[in-house]
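The structure appears below as structure tokens.
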Protein chains: 2
Amino acid sequence: MSTPQQSAPRRATITDVAREAGTGKTSISRYLNGEMSVMSPELRARIEAAIARLNYQPNQMARGLKRGRNRLIGMLLADLTNPYTVEVLQGVEAACHALGLMPLICHAANEVEMERRYLQLLTTYRVEGVIVNALGVSEETLRPVGGSGIPAVMVDRQVEGLTADMVGLDNGAAAQLGVQHLLEQGFDDIWFVVQPFEQVSSRHLRQTSFRDAMGAQGRARGHTLVLDLADTDETARGLAELDRAIDSAADGKRGKDASTAHRIALFAANAPVALCLALHLKSRYGPDWQTRVALLSIDDPDWAELTGITTIRQPTYEIGYRAVEFLHERIEGVQTTVRDCLLPGELIVRASTSR
Amino acid sequence: MSTPQQSAPRRATITDVAREAGTGKTSISRYLNGEMSVMSPELRARIEAAIARLNYQPNQMARGLKRGRNRLIGMLLADLTNPYTVEVLQGVEAACHALGLMPLICHAANEVEMERRYLQLLTTYRVEGVIVNALGVSEETLRPVGGSGIPAVMVDRQVEGLTADMVGLDNGAAAQLGVQHLLEQGFDDIWFVVQPFEQVSSRHLRQTSFRDAMGAQGRARGHTLVLDLADTDETARGLAELDRAIDSAADGKRGKDASTAHRIALFAANAPVALCLALHLKSRYGPDWQTRVALLSIDDPDWAELTGITTIRQPTYEIGYRAVEFLHERIEGVQTTVRDCLLPGELIVRASTSR
DNA sequence: CTGTTAGCGCGTTCAA
DNA sequence: TTGAACGCGCTAACAG
């Protein structure tokens with residue numbers, strides 16, 4: 001039959017199909033774009049046959065070049081290691097699927113320099129829009145995007161001076177939810193643990209909201225601990241501080257001074273922080289560490305259920321989905337003012353805080 | 001300064017730059033491709049200035065169309081929810097970065113139909129090669145790839161009748177490593193738990209190797225349990241079977257019949273299985289489930305350390321890196337026979353199996 | 001209803 | 001040393 005072409009069996013082009021079907025390229029193009037309404041069934045059949053025979057597949061790049069849109073959108077992710085990110089991604093993919101978009105996923109692995117590179121690259125591939133969940137997003141960093149007039153949607157982050165839609169957790173409500181739960185459970189010494197804010201607005205917001213929520217009541221004491229997970233020494237220092245607090249709480253309980261007895265709880269700003277805390281506590285107090293300290297975290301990773309810690313689950317899937325919808329609207333030219341979409345978190349009570 | 005361009009500030013093209021620099025497109029193209037050797041410094045300076053002034057960025061799509069290579073490679077992933085996948089991805093990204101490739105990441109979320117769609121899509125975007133870590137990879141499914149002569153590299157999978165390089169864990173050695181450790185620890189009743197094989201050769205291989213390793217010794221008994229995580233009822237049935245085994249082992253210990261007393265261990269074929277088992281055991285036996293059953297798993301997720309289960313860690317980063325290297329060689333035209341790269345796993349002993 | 005023509009942004013001859 | 005012209009695969013006018 002067909003001579004077994006080796007090396008490079010050059011892919012069939014629209015021209016090949018036209019020749020094979022004995023017609024012009026235009027008709028093929030029309031066929032590809034579903035403009036069947038005005039086309040003789042006979043021609044259509046010939047085209048179909050030719051396409052099948054040649055195993056033809058249109059070249060998206062060429063299409064994109066011509067019509068100025070390639071259906072590609074960029075998705076810049078700071079950290080795929082964080083389950084939150086993967087879950088958001090699920091929503092993004094579903095939405096892209098539904099809207100005929102193709103997400104170009106870029107994973108910066110927590111490196112700001114990498115983020116810059118990818119943003120540059122995306123621009124170069126002429127993506128029609130970008131969804132950004134990055135570490136170092138500043139107006140400056142986003143220059144290649146904003147400057148090029150490429151629509152952008154921020155996830156879990158806001159950048160001042162940048163006019164971009166945003167979708168993420170309602171951090172204020174979430175922090176309150178957590179604090180309220182801990183208070184109800186009778187904890188009177190609450191430590192909020194968060195990574196350095198850097199450009200990540202949600203970290204800042206969660207901390208502020210925590211502080212406000214604590215300020216609004218008189219019973220319990222609130223502290224904030226900034227833990228730089230990227231810096232081992234810094235992390236160790238922070239954890240040591242925590243250890244002291246926990247030990248002193250225990251001293252109180254043992255009756256040294258009943259008036260200072262208090263129940264201590266840790267409130268992690270996100271899953272990576274919570275994991276770090278849990279690992280440390282386990283290594284310090286053994287498998288039964290949970291009897292010493294209560295841990296609550298924003299984000300709801302796999303191991304939360306396994307280890308029984310209370311969490312505030314984010315509506316990750318929906319966050320991703322909405323982000324794409326926003327972006328799609330912008331791509332289609334919607335011009336309304338900047339929108340913020342704040343979705344509520346869900347408190348999932350587990351053993352760690354309800355004893 | 002710059003007038004705030006609204007609407008669509010059409011991106012500068014090579015033609016714009018040529019005009020701005022008072023020269024022809026050819027010279028710009030030369031400049032972009034680093035052919036500076038033969039170019040008057042004066043012209044070069046003008047070009048540089050023009051590019052900067054226009055904030056010009058070459059259009060990768062157009063370049064690709066012209067020269068037939070767009071530096072895009074496809075990366076088909078069955079399940080980003082599995083930490084293994086994310087880790088492999090890290091290696092892939094690093095290698096791409098080093099080789100000037102851009103990975104197009106496609107996440108099929110465990111849906112075979114989605115895999116087929118993505119493969120088709122990648123073909124359409126004319127990626128230069130594909131790295132495949134999918135569920136339903138059969139010769140048939142890979143048709144769009146293999147048929148088009150696009151080089152492919154399989155990760156953690158082999159497909160018979162398909163000539164593609166492969167890189168992954170040395171499953172035989174890994175299974176042996178696990179069995180040997182469990183035997184040394186004195187377990188005499190070992191259950192290997194794995195998902196339905198489907199098209200995933202590594203699952204089959206791990207099971208076979210387990211069986212062989214058990215067969216090679218006379219002391220302990222080995223069983224295999226197939227757990228279909230995608231089917232709740234099936235999963236429940238499998239877990240119930242496990243429960244019976246565990247209970248009967250406990251009965252033996254209690255002295256009902258000392259001769260049947262045995263120590264039971266679970267050997268999970270991968271992290272998702274291990275997680276399912278751990279969750280079930282915890283809900284059935286409480287937080288102290290580990291005193292009842294030992295759990296060992298291939299893959300080394302976050303929560304393994306936290307929960308103290310023994311694992312066999314895969315060299316994930318290197319797997320990803322090597323995959324890209326293989327692919328790159330193929331893209332560059334290397335024609336050697338099909339290669340299999342089997343990397344060794346590392347046993348990480350934790351409390352669950354060493355008591 | 002169908003084919004012809006003219007680019008999309010770029011790289012590559014081939015002259016000048 | 002430089003630039004003009006052609007074509008990559010495809011779509012969008014504009015005739016026929």
Side-chain angles (χ1 to χ4, degrees), chain A residues 8-48 50-51 54-72 100 123-128 148 150, chain B residues 8-48 50-51 54-72 123-128 148:
Chain A
R10 201 182 55 73
R11 304 208 51 115
T13 77
I14 202 175
T15 309
D16 299 327
V17 179
R19 193 183 329 106
E20 181 79 12
T23 177
K25 302 194 294 181
T26 312
S27 297
I28 312 298
S29 176
R30 290 208 180 97
Y31 174 86
L32 293 177
N33 293 314
E35 300 168 25
M36 319 287 201
S37 53
V38 285
M39 182 181 299
S40 67
E42 191 266 340
L43 209 208
R44 175 175 169 169
R46 265 163 43 216
I47 294 181
E48 257 162 8
I51 287 184
L54 268 43
N55 187 14
Y56 167 72
Q57 294 178 249
N59 183 329
Q60 283 299 334
M61 296 309 180
R63 305 183 116 182
L65 184 55
K66 181 61 194 165
R67 52 164 67 152
R69 45 183 357 214
N70 52 20
R71 312 278 63 190
L72 249 31
T123 260
T124 252
Y125 275 102
R126 295 296 188 272
V127 294
E128 300 182 36
S148 329
I150 298 181
Chain B
R10 200 182 56 74
R11 305 208 51 116
T13 77
I14 201 173
T15 310
D16 299 327
V17 179
R19 193 183 330 106
E20 181 79 12
T23 176
K25 304 193 294 181
T26 314
S27 298
I28 312 298
S29 175
R30 290 207 181 98
Y31 174 87
L32 293 177
N33 293 315
E35 300 168 25
M36 317 287 202
S37 52
V38 285
M39 181 182 299
S40 65
E42 191 267 338
L43 210 208
R44 172 175 171 170
R46 263 161 48 214
I47 293 181
E48 258 162 6
I51 287 183
L54 267 43
N55 186 15
Y56 168 72
Q57 295 179 249
N59 182 331
Q60 283 299 332
M61 296 309 181
R63 307 184 112 180
L65 183 56
K66 184 66 194 156
R67 56 163 67 148
R69 43 180 0 210
N70 51 22
R71 312 278 63 189
L72 248 31
T123 260
T124 251
Y125 275 102
R126 296 295 186 273
V127 295
E128 299 183 37
S148 328

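Note that the structure is a prediction, hence the values are computed from the model and not measured. First the proteins, then the strands, lettered A, B, ... as listed; each starts at 1.
- At C:dG3, one or more side-chain N or O atoms of A:Thr23 fall inside 4.0 Å of OP1 or OP2 (strictly under the cut-off).
- With 3.5 Å as the limit, one finds a donor-acceptor pair spanning the side chains of B:Gln57 and B:Arg11.
- What separates CD of A:Glu35 from P of C:dC1 is a distance of 14 Å, to the nearest Å.
- For D:dT11, one of the phosphate oxygens OP1 or OP2 lies less than 4.0 angstrom from a side-chain nitrogen or oxygen of A:Arg63.
- Within 4.0 Å (heavy atoms only), B:Met39 reaches sugar-phosphate atoms of the nucleic acid but no base atom.
- For B:Ala62, taking side-chain heavy atoms from C-beta onward, the closest of the listed nucleotides C:dT2, C:dG7, C:dC10 is C:dC10.
- Contact check, B:Thr26 against D:dG3: no side-chain N or O comes under 4.0 Å of OP1 or OP2.
- For A:Thr13, no side-chain nitrogen or oxygen approaches OP1 or OP2 of D:dC8 to under 4.0 Å.
- Residues B:Tyr31 and B:Arg44 come closest through the heavy atom pair CE1-CG, 4.1 Å.
- Taking all atoms of both residues into account, the shortest heavy-atom contact from B:Tyr125 to B:Asn70 is O-ND2, 3.2 Å.
- Note: CZ (B:Arg11) to C1' (C:dC8) measures 15 Å, nearest angstrom.
- If you take CG of A:Asn59 and P of D:dT11, they are 9 Å apart, rounded to a whole angstrom.
- Rounding to whole angstrom units, NZ of residue B:Lys66 and P of C:dG11 are separated by 9 Å.
- To the nearest angstrom, P of D:dA4 lies 13 Å from CD1 of B:Ile14.
- Along DNA chain D, the nucleotide closest to A:Asn33 and the one closest to B:Leu43 are compared, and the more 5′ of them pairs with B:Leu43.
- For A:Tyr56, a side-chain nitrogen or oxygen approaches OP1 or OP2 of D:dC10 to under 4.0 Å.
- Map B:Arg67 and B:Arg30 each onto its nearest nucleotide of DNA chain C; the residue landing nearer the 5' end is B:Arg67.
- The nearest pair of heavy atoms linking B:Ala21 to B:Ala50 is CB-CB, 3.8 Å.
- Within 4.0 Å (heavy atoms only), A:Ser40 reaches sugar-phosphate atoms of the nucleic acid but no base atom.
- As judged by a 4.0 angstrom heavy-atom cut-off over every strand, A:Ser27 is placed among residues touching the sugar-phosphate backbone only.
- Remark: side-chain polar atoms of B:Glu20 are not paired, donor with acceptor, to backbone N or O of B:Ile51 under 3.5 angstrom.
- To the nearest angstrom, P of C:dG9 lies 15 Å from CD of B:Gln60.
- Residue B:Leu65 has its side chain nearest to D:dC8 when only D:dC8, D:dA4, D:dC10 are considered.
- Remark: P of D:dT11 and NZ of A:Lys25 are 10 Å apart, rounded to the nearest angstrom.
- In this structure, the OH atom of A:Tyr31 is 18 Å from the C1' atom of D:dT11, given to the nearest Å.
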